[in-house]
Amino acid sequence: MTDTMRAIRYLGPAQDFQLRAVAIPQPAPGQVRVRIAACGMCRTELHLRDGLLDLGARDFTVGHEIAGTIEKLGEGVSPIRLGERVLIYYYEGCGDCRYCRSGDQQLCPQPKSQPGFTTDGGYAEYVVVRAQNCVKVPDAVPLAHIAPMGCAGSTAVHAGKMARIVPGEWVVVHGLGGVGLALMQYAKSAGGRVIAVDLGVEKLALAEKLGADAAIDAATEADIPAKIAAVTGEGADVVFELVGTTETMRRSAAMLRRRGRMVMIGYTSQNFEIHPVELIVRELTVMGSVGSTLQDLHDIVDLVAAGVITPIIDRVIPLESFAEGLEAVEGQATLGRIVLTMA
Ligand SMILES: [Zn+2]
Ligand SMILES: [Zn+2]
């Protein structure tokens with residue numbers, strides 16, 4: 001084995017990602033080294049490149065939907081974990097703050113590391129992470145299949161829990177990317193009646209195949225809130241906003257019934273604009289949902305293994321085709337996630 005590996009590096013905002021040879025990392029006590037099999041592509045990489053998300057770190061390996069096999073153990077890690085197939089949780093909280101104490105590492109103000117966001121992530125052949133951040137994947141689930149659930153699936157589970165969906169509620173999923181497609185399935189499994197909204201017949205046909213009770217094509221439907229009101233009787237109980245333009249956010253708020261809940265997940269450079277009276281007289285709730293807890297990641301692995309949620313994969317391509325993949329993600333010309341493999 002050589003002592004370097006291939007990795008896609010983020011150098012800073014407004015700079016192109018670079019494929020480089022970097023040192024293969026060694027696990028410290030409590031850590032493991034994972035030989036990466038697959039890593040899903042998320043819009044976060046575009047947000048980093050565009051400077052929309054800047055956590056201050058530079059020159060690290062991107063990619064945070066990481067699946068692979070534990071192949072080297074740091075001191076103190078149980079030998080039983082050697083060879084385990086795993087999906088990686090990408091927050092390593094401080095462990096001491098009020099958020100970490102209650103399991104919300106995604107809110108930790110001083111995380112130790114965030115693979116793919118501030119420290120080395122998964123568009124590489126190996127990654128080193130804390131042992132408890134590695135969630136065991138059952139043998140029947142292929143690693144390239146589960147990889148995108150590391151962010152898309154766990155984010156969907158977390159947002160679904162944040163919304164506290166009650167059986168029978170009308171749930172709009174506004175934007176059918178990787179998170180939206182998983183969220184639709186989660187909302188169905190929670191007893192929600194799901195309305196999918198996006199552009200294009202292909203995505204909406206897929207939504208219906210995945211169990212959507214109604215699918216609305218934003219390319220052809222002139223008044224989407226009116227259409228939602230017609231389907232639901234008054235409006236949606238919950239809207240998940242996954243697009244994040246001024247237009248779609250305004251539209252999401254307009255889809256809600258009185259006392260409806262809007263959950264913000266997707267974002268762009270644009271602002272959410274609403275007059276407070278809209279929130280006040282209809283008693284609307286607007287909340288954000290970011291990433292997931294470690295438990296949410298365990299839950300998504302269980303849900304996929306049980307066949308409750310099916311990961312939707314657009315295509316699987318080699319690491320070297322990263323630029324092609326990023327272009328497709330940017331052009332929104334994908335049906336589900338693109339997954340990079342390291343083979
Ligand atoms: Zn992500
Ligand atoms: Zn913390």
Side-chain angles (χ1 to χ4, degrees), residues 8 10 17 30 36 38-50 52-55 57 60-67 87-123 127 129-130 132-133 135 146-160 175-183 186 240-244 263-268 288-297 300-301 309 311-314 322 325-326 328-330 332 334 336-340:
I8 305 284
Y10 167 79
F17 295 99
I36 299 168
C39 188
M41 296 192 75
C42 173
R43 290 195 79 76
T44 293
E45 278 80 66
L46 291 171
H47 296 334
L48 284 168
R49 187 201 62 191
D50 298 341
L52 204 52
L53 179 69
D54 185 356
L55 300 170
F60 61 90
T61 302
V62 276
H64 56 275
E65 298 186 331
I66 314 164
L87 181 63
I88 292 174
Y89 178 60
Y90 57 81
Y91 292 97
E92 294 190 18
C94 73
D96 288 325
C97 72
R98 65 183 298 168
Y99 304 104
C100 285
R101 285 198 298 272
S102 60
D104 286 310
Q105 294 183 69
Q106 78 283 5
L107 297 179
C108 178
Q110 288 180 304
K112 283 183 180 151
S113 85
Q114 264 186 277
F117 289 86
T118 58
T119 54
D120 289 338
Y123 299 145
V127 70
V129 289
R130 197 160 56 182
Q132 71 257 41
N133 281 48
V135 174
I146 200 73
M149 296 296 98
C151 165
S154 58
T155 299
V157 168
H158 188 67
L176 299 174
V179 179
L181 291 166
L183 193 41
Y186 182 86
F240 292 105
E241 169 58 49
L242 294 132
V243 185
V263 185
M264 314 279 248
I265 305 159
Y267 61 94
T268 65
S289 178
V290 67
S292 70
T293 68
L294 177 57
Q295 183 59 46
D296 297 328
L297 193 72
I300 188 67
V301 170
I309 290 180
I312 307 300
I313 314 275
D314 181 272
F322 169 81
L326 195 68
V329 173
E330 184 162 32
Q332 312 215 4
T334 59
R337 278 292 206 245
I338 293 179
V339 176
L340 299 183

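Computed from a predicted model, the values in this text were never measured in an experiment. Whatever order the structure lists ligands and atoms in, that order sets their numbers, starting from 1. Start at 1 with the first residue, then count along the sequence. Side chains are part of it too, since the values below use all heavy atoms of this structure and drop only hydrogens, waters and symmetry mates.
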Is there a side-chain contact between [X] and [Y] (heavy atoms, below 4.5 Å)?
| X | Y | value |
| --- | --- | --- |
| Thr61 | Val127 | no |
| Pro148 | Ile313 | yes |
| Arg337 | Pro311 | no |
| Phe240 | Ser289 | no |

* **Residue list, side chain to side chain donor-acceptor pair (under 3.5 Å) with Arg49, at least two apart or on another chain** =>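 Residues passing side chain to side chain donor-acceptor pair (under 3.5 Å) with Arg49: Glu330.
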
* Mind listing the protein N/O/S atoms less than 2.8 Å away from the Zn ion (ligand 1)? Waters don't count. =>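 Near the Zn ion (ligand 1), the protein supplies Cys42 SG, His64 NE2, Cys151 SG.
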
* Side chains of Tyr89 and Gln105, donor plus acceptor under 3.5 Å -> no

* side chain to side chain contact (heavy atoms under 4.5 Å, CB included) partners for Thr293, two or more places apart ->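 If we apply the side chain to side chain contact (heavy atoms under 4.5 Å, CB included) test to Thr293, skipping adjacent residues, the hits are Asp104, Gln106, His158, Gln295, Asp296.
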
* To do: Around the Zn ion (ligand 2), list the protein N/O/S atoms within a radius below 2.8 Å, excluding water molecules.
  =>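 Per the 2.8 Å query on the Zn ion (ligand 2), atoms found are Cys94 SG, Cys97 SG, Cys100 SG, Cys108 SG.
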
* Distance (rounded to the nearest 0.5 Å) between Ile338 CD1 and Asp314 CG -> 5.0 Å

* Go through the steps to decide whether Met41 and Tyr123 satisfy the test side-chain contact (heavy atoms from CB on, under 4.5 Å), and finish with yes or no. => CA-CA 9 Å; Met41 296 192 75; Tyr123 299 145; 3.6 Å; yes

